[in-house]
Participant: 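Can you read through this structure? Questions will come right after.
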Number of protein chains: 2
Amino acid sequence: MTRKAVAVKRRAYHHGDLKNALVVAALELIATKGARALSLREVARATGVSHASTYRHFPNKESVLATIAEQGFRELTQRMRDAALQSPSDPLKSLHRVGLAYVAFGVAHPHHLQIMFGDLITSHAAYPSLLEASSAAFEILASCVRAGQKAGLVRESEERLVSLAAWSQVHGLALLIASGQIAPKGSAPLQPDKLADAVLYLLQTGLAAPRQ
Amino acid sequence: MTRKAVAVKRRAYHHGDLKNALVVAALELIATKGARALSLREVARATGVSHASTYRHFPNKESVLATIAEQGFRELTQRMRDAALQSPSDPLKSLHRVGLAYVAFGVAHPHHLQIMFGDLITSHAAYPSLLEASSAAFEILASCVRAGQKAGLVRESEERLVSLAAWSQVHGLALLIASGQIAPKGSAPLQPDKLADAVLYLLQTGLAAPRQ
DNA sequence: ACCTGAACACCGTTCAAGT
DNA sequence: ACCTGAACACCGTTCAAGT
């Protein structure tokens with residue numbers, strides 16, 4: 001970076017957007033080195049600022065991660081909402097599309113998934129806006145389930161259980177894909193969205209063979 | 001710890017079981033402070049040995065975690081196998097029981113789950129015996145699926161996809177429970193095994209309402 | 001109001017040296 | 001063969017001091 005670029009950056013922080021600049025720098029570092037390797041000192045270095053100044057904007061490292069997690073939940077919610085709205089009159093299709101969107105988000109942003117659901121944030125309860133953002137995502141799914149039940153297309157079990165089953169399914173699949181745990185076992189590697197499609201189909205119809 | 005106890009410990013390490021003692025100490029620390037807070041120096045301290053001596057037995061910190069992850073997969077496999085064998089002639093019930101066993105393992109050992117599936121181990125491929133242990137667990141599930149298909153009780157989709165759907169389902173549920181992400185939303189908190197039971201039932205029958 | 005340098009108490013890892 | 005002390009290059013966090 002040229003001396004001028006540094007000067008420009010420096011000027012910007014006095015404008016009050018250092019907080020944002022730190023988050024952006026953190027995201028860049030996470031993208032290249034992974035979330036666990038993130039260090040606040042490196043974030044400060046990359047932003048051209050002293051390492052102590054991060055503490056003017058965040059009480060600690062975890063709260064930077066909480067901010068990132070919250071952004072992740074907001075984007076996830078957006079994707080799920082868009083997916084649900086694509087077939088407003090077909091709740092089963094909505095549910096399927098929402099699941100695909102969830103898996104696609106995980107594949108596109110594995111580091112976010114890790115920050116959102118891993119153990120880097122000790123207690124989500126310490127960040128009310130994070131909790132709010134995550135339940136907003138869950139709410140999209142739950143409302144698809146309710147719509148499906150109202151239309152008589154989704155099983156009339158307790159809504160919470162049906163939602164949880166759907167959530168677990170897409171969550172598990174997204175994590176297994178994002179963490180590279182899916183063993184191809186010699187056969188041709190399947191595309192994540194093909195996998196998700198097949199798995200979501202099975203979720204809808206069940207693993208048991210249809211009775212003759 | 002008394003001076004004598006230290007002396008006894010010290011003697012033991014010269015017997016060649018320091019490697020094991022380090023893993024045991026690591027597990028204790030993880031149980032109380034979480035996997036991410038583990039430090040090799042603290043493990044050495046708890047074992048009464050210099051911090052440098054851990055490097056006689058493990059190339060680095062990650063390989064300690066890989067050892068723990070491998071043990072986790074072996075116990076998980078054992079639990080799944082026991083569950084499968086409880087109803088050898090009813091593959092659907094086996095599948096259900098194996099799923100319950102998976103979730104029960106996760107609830108009992110959330111830290112193991114985190115080490116086994118989180119990002120603390122950068123690349124599982126670097127530890128062949130770890131890979132082997134994890135595919136053994138998956139294999140239990142896959143063999144239940146095959147048995148079910150052979151008996152005409154499980155849908156005749158590609159076996160890998162059906163197995164993956166079942167794996168994702170129990171994996172997602174176990175992680176959501178273990179990470180405390182399940183929002184009770186005011187209603188009475190359900191027991192993990194009740195949840196798992198209901199979710200696995202839905203996996204078997206599908207979310208879609210049965211056609212009239 | 002916002003940023004900095006120095007300091008504290010930690011890390012993981014290496015390596016020459018000890019028994 | 002196995003263990004240790006000292007050293008290196010890092011951390012997160014705090015705090016008095018600077019503009």
Participant: For B:T54 and A:T54, take the nucleotide of DNA chain C holding the closest heavy atom to each; which residue's nucleotide lies nearer the 5' end?
Facilitator: A:T54

Participant: Counting side-chain heavy atoms from C-beta on, which of D:dC11, D:dC3, D:dT14 comes nearest to B:L18?
Facilitator: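 Side chain of B:L18 sits closest to D:dC3.
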
Participant: Which whole-number value in Å describes the distance from B:K61 NZ to C:dT14 P?
Facilitator: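 So the two atoms are 14 Å apart, to the nearest Å.
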
Participant: Give the dot-bracket string for DNA chain D, reading 5' to 3', where a pair is Watson-Crick or G-U wobble with both distances under 3.5 Å, ( ) marks pairs inside the strand, [ ] marks pairs crossing earlier ones, | marks a partner on another strand, and . marks unpaired.
Facilitator: ||.|||||...|||||.||

Participant: Scan nucleotides 5-10 of chain D against the protein and return all N/O pairs shorter than 3.5 Å with their distances rounded to 0.1 Å.
Facilitator:
residue, atom, partner, partner atom, Å
D:dA6, N6, B:H51, NE2, 3.3

Participant: Measure from CG on A:L38 to C1' on D:dT13 and round the result to the nearest Å.
Facilitator: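 It is 15 Å, rounded to the nearest whole Å.
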
Participant: Grab the CG-P distance between B:N60 and C:dT14 for me, whole Å please.
Facilitator: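 So the CG-P distance, B:N60 to C:dT14, works out to 8 Å.
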
Participant: What I want to find out is whether A:R146 reaches A:E139 closely enough, with some N-O distance under 4.0 Å, to be called a salt bridge.
Facilitator: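 Yes, charged N to carboxylate O under 4.0 Å.
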
Participant: Is there a donor in the side chain of A:Q86 and an acceptor in the side chain of A:D82, or the other way round, less than 3.5 Å apart?
Facilitator: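 Result is no, nothing qualifies.
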
Participant: Could you tell me whether the side chains of A:D197 and A:H96 share a donor-acceptor contact shorter than 3.5 Å?
Facilitator: yes

Participant: Using a cut-off of under 3.5 Å, enumerate the N/O to N/O pairs linking the protein to nucleotides 16-19 of chain D.
Facilitator:
none

Participant: Among B:F117, B:F138, B:F105, find the one that has a ring-ring contact (aromatic ring centres under 6.0 Å, His included) with B:H171.
Facilitator: B:F117

Participant: In the structure I gave you, are the side-chain heavy atoms of B:E42 and B:H51 within less than 4.5 Å of one another anywhere?
Facilitator: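 No; the side chains remain at least 4.5 Å from each other.
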
Participant: From NE2 of B:H57 over to C1' of C:dT13, roughly how many Å is that when rounded to an integer?
Facilitator: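 Rounded to whole Å, this separation is 16 Å.
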
Participant: A:D17 has an atom CG; how far is it from atom C1' of C:dA1, in whole Å?
Facilitator: 15 Å

